[in-house]
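Here is the structure we will look at, set down as structure tokens.
In what follows, every chain begins at residue 1, and chains take the letters A, B, ... in the order their sequences are listed. As the structure is a prediction and not an experimental result, all values here were calculated from the model.
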There are 2 protein chains.
Amino acid sequence: MAEELSVLPSWQDGEIKNTIIKFVADVKNPKNINFVEAKDRIAVFDNDGTLWTEKPCYFQESFIRYSQHQPNCSEKAEKGATSLTVEELIPMDGQVKEGMTVDEYKAEARNFLTTSKHERFDRPYVELTFKPMIELLDYLRQNDFQVYISSGGGIDFIRSFAEDAYSVPPQNVIGSAILTKFELREGKPVLVRINELVKPMNDKKGKPVGIERYIGKRPIMAVGNSDGDLQMLQYTDDHQGHDLMMLVHHDDPDREYQYDEGAECALTEADVRGWSVISMKNDFIKVFGWE
Amino acid sequence: MAEELSVLPSWQDGEIKNTIIKFVADVKNPKNINFVEAKDRIAVFDNDGTLWTEKPCYFQESFIRYSQHQPNCSEKAEKGATSLTVEELIPMDGQVKEGMTVDEYKAEARNFLTTSKHERFDRPYVELTFKPMIELLDYLRQNDFQVYISSGGGIDFIRSFAEDAYSVPPQNVIGSAILTKFELREGKPVLVRINELVKPMNDKKGKPVGIERYIGKRPIMAVGNSDGDLQMLQYTDDHQGHDLMMLVHHDDPDREYQYDEGAECALTEADVRGWSVISMKNDFIKVFGWE
């Protein structure tokens with residue numbers, strides 16, 4: 001137990017932290033009825049709002065606005081315009097970045113995320129990741145989990161920073177995808193983004209589809225924060241053995257943001273089905289690494 | 001060197017085996033100029049004709065014919081009909097197996113492959129894997145490679161047996177995919193196959209697209225046997241560092257089959273670019289495990 005007390009240092013001691021530690025201990029203990037072989041210890045995490053901030057808009061929208069020389073999302077909101085939904089954002093990304101190679105796109109996104117600053121926190125976007133969640137990803141990997149991201153956001157956008165920020169390599173990132181085509185440019189083979197979505201959008205009912213397509217196994221753990229994660233959590237909840245479903249609840253207006261909007265169904269179902277709800281205010285000792 | 005002599009026991013000593021051993025030794029040696037970090041040691045293998053037999057037709061066609069109570073591919077050939085190409089096979093598979101859940105499909109495919117027998121060899125299809133290639137997959141993984149399959153064949157079909165036959169888990173299988181949809185059946189969340197292809201077909205120019213979509217990194221090693229693998233090999237050959245491209249050449253009519261048909265372009269390009277051509281007749285001490 002001494003060892004366990006030192007894990008997840010940015011998590012407040014309490015029910016949520018205990019639930020995580022007990023779940024991991026159970027699935028890795030061959031003598032426990034809930035033991036799960038390492039090869040089946042699959043955990044999937046949403047990205048926006050779960051691993052990093054998603055306000056005042058998805059950072060992928062900020063990226064597009066920046067590259068189009070448009071006012072940022074706060075300025076847009078002051079004029080009464082709402083932020084883009086996933087359904088609006090992904091086709092716009094496909095259109096605006098058409099014709100780029102995947103490598104060019106990722107380099108541009110990485111450059112934006114590491115140099116441009118968030119309007120409220122005045123930090124590069126890559127520093128808006130949640131420290132307790134990164135500790136959780138590390139903790140799971142230390143216990144032989146395979147950690148995946150399953151995001152409604154663009155797969156290339158997330159891959160541009162996920163290996164550095166979360167130690168999640170590109171092959172463990174699932175997201176909404178743009179069709180690419182293989183061609184030779186100056187004799188070199190490249191993959192070029194074309195303006196067409198790969199069906200389905202990796203959101204809502206599309207999340208289990210993406211998990212099956214990329215992983216081919218049901219996760220035993222899923223963590224999200226919004227209604228876009230609902231079906232992913234339902235899909236995980238039906239696992240035959242032990243499983244853990246969690247929602248990050250944004251209830252901390254001082255350190256981050258406070259909102260239930262867009263998460264109403266997920267929070268209701270969490271209550272009904274007994275999924276764990278993580279309070280950012282109470283369960284996170286720190287929200288960001290630089291605090 | 002004593003240790004190295006015992007590896008790849010079903011491979012004849014000679015140029016090809018030496019090429020493999022030297023490549024692996026180089027990329028894992030931090031002092032070698034061709035050193036590659038373990039996280040980037042990605043190897044991709046075609047399946048049909050590369051890891052197992054693809055004659056008298058793709059085994060996925062045999063599966064469909066069997067489940068439709070049609071004569072087998074040899075009987076079909078006697079009547080002068082040609083076997084299905086990937087472009088014909090995948091849409092047919094999508095049509096015939098529409099409405100099944102992915103789990104049901106995989107169970108049916110696994111049952112077929114482990115119980116029905118190949119018309120010439122009179123062995124279950126799963127026993128038609130090439131022993132030297134399985135040794136190669138093992139050898140690469142022992143040296144911290146991540147081994148992927150990238151097949152023109154159906155992803156669910158290959159996932160039904162790849163973990164048992166090749167120790168390749170489902171998340172390391174890339175193939176042509178059928179769209180699925182999430183639904184609740186008797187209250188349980190399932191993924192149902194619908195009759196629509198996910199673009200592109202994972203063959204020819206589609207293979208690099210699939211590699212980028214699923215892995216997000218360029219491989220440093222690619223092994224195929226036909227023109228369907230050409231672009232995958234070209235894509236790998238452009239890697240900035242050290243890389244290895246290989247083709248399995250079917251030149252052994254006694255133990256397996258002899259044909260260049262469908263591999264003409266790949267064999268020509270192998271000659272031009274110096275890719276390694278594996279002679280099944282000369283480089284394989286054994287072809288199948290049961291010999």
Query - Which portion of Ile42(B) sits near chain A, non-hydrogen atoms under 4.5 angstrom - result: side chain
Requested in this report: Taking side chain to side chain contact (heavy atoms under 4.5 Å, CB included) as the test, write out the residues that go with Thr268(B), two or more places apart.
Outcome: none
Query raised in the report: Which bit of Glu183(A) is near chain B, if near means a heavy-atom gap under 4.5 Å: side chain, backbone, both or neither?
Result: neither
Query raised in the report: Which residues in residues 155-162 of chain A have any heavy atom lying under 4.5 Å from a heavy atom of chain B?
Result: Ile155(A), Asp156(A), Arg159(A)
Query raised in the report: How many angstroms lie between atom OH of Tyr214(B) and atom CD1 of Ile215(A), to the nearest 0.5 angstrom?
Result: 11.0 Å
Query - Separation between CD of Gln171(B) and CD1 of Ile174(A), rounded to the nearest 0.5 Å - result: 10.0 Å
Query raised in the report: Which atom names give the shortest non-hydrogen contact between Pro189(A) and Gln234(B), and what distance separates them?
Result: CG-O, 3.6 Å
Report task. Using side chain to side chain contact (heavy atoms under 4.5 Å, CB included) as the criterion, list what pairs up with Glu104(B), not counting sequence neighbours. Result -> Met100(B), Thr101(B), Arg185(B)
Query - Enclosure of Lys217(B) NZ (heavy-atom neighbours >12, cutoff 6.0 Å) - result: yes
Requested in this report: Give me the contact list for residues 201-213 of chain A versus chain B, heavy atoms only, anything under 4.5 Å, ordered by residue number.
Outcome: Lys205(A), Pro208(A), Val209(A), Glu212(A), Arg213(A)
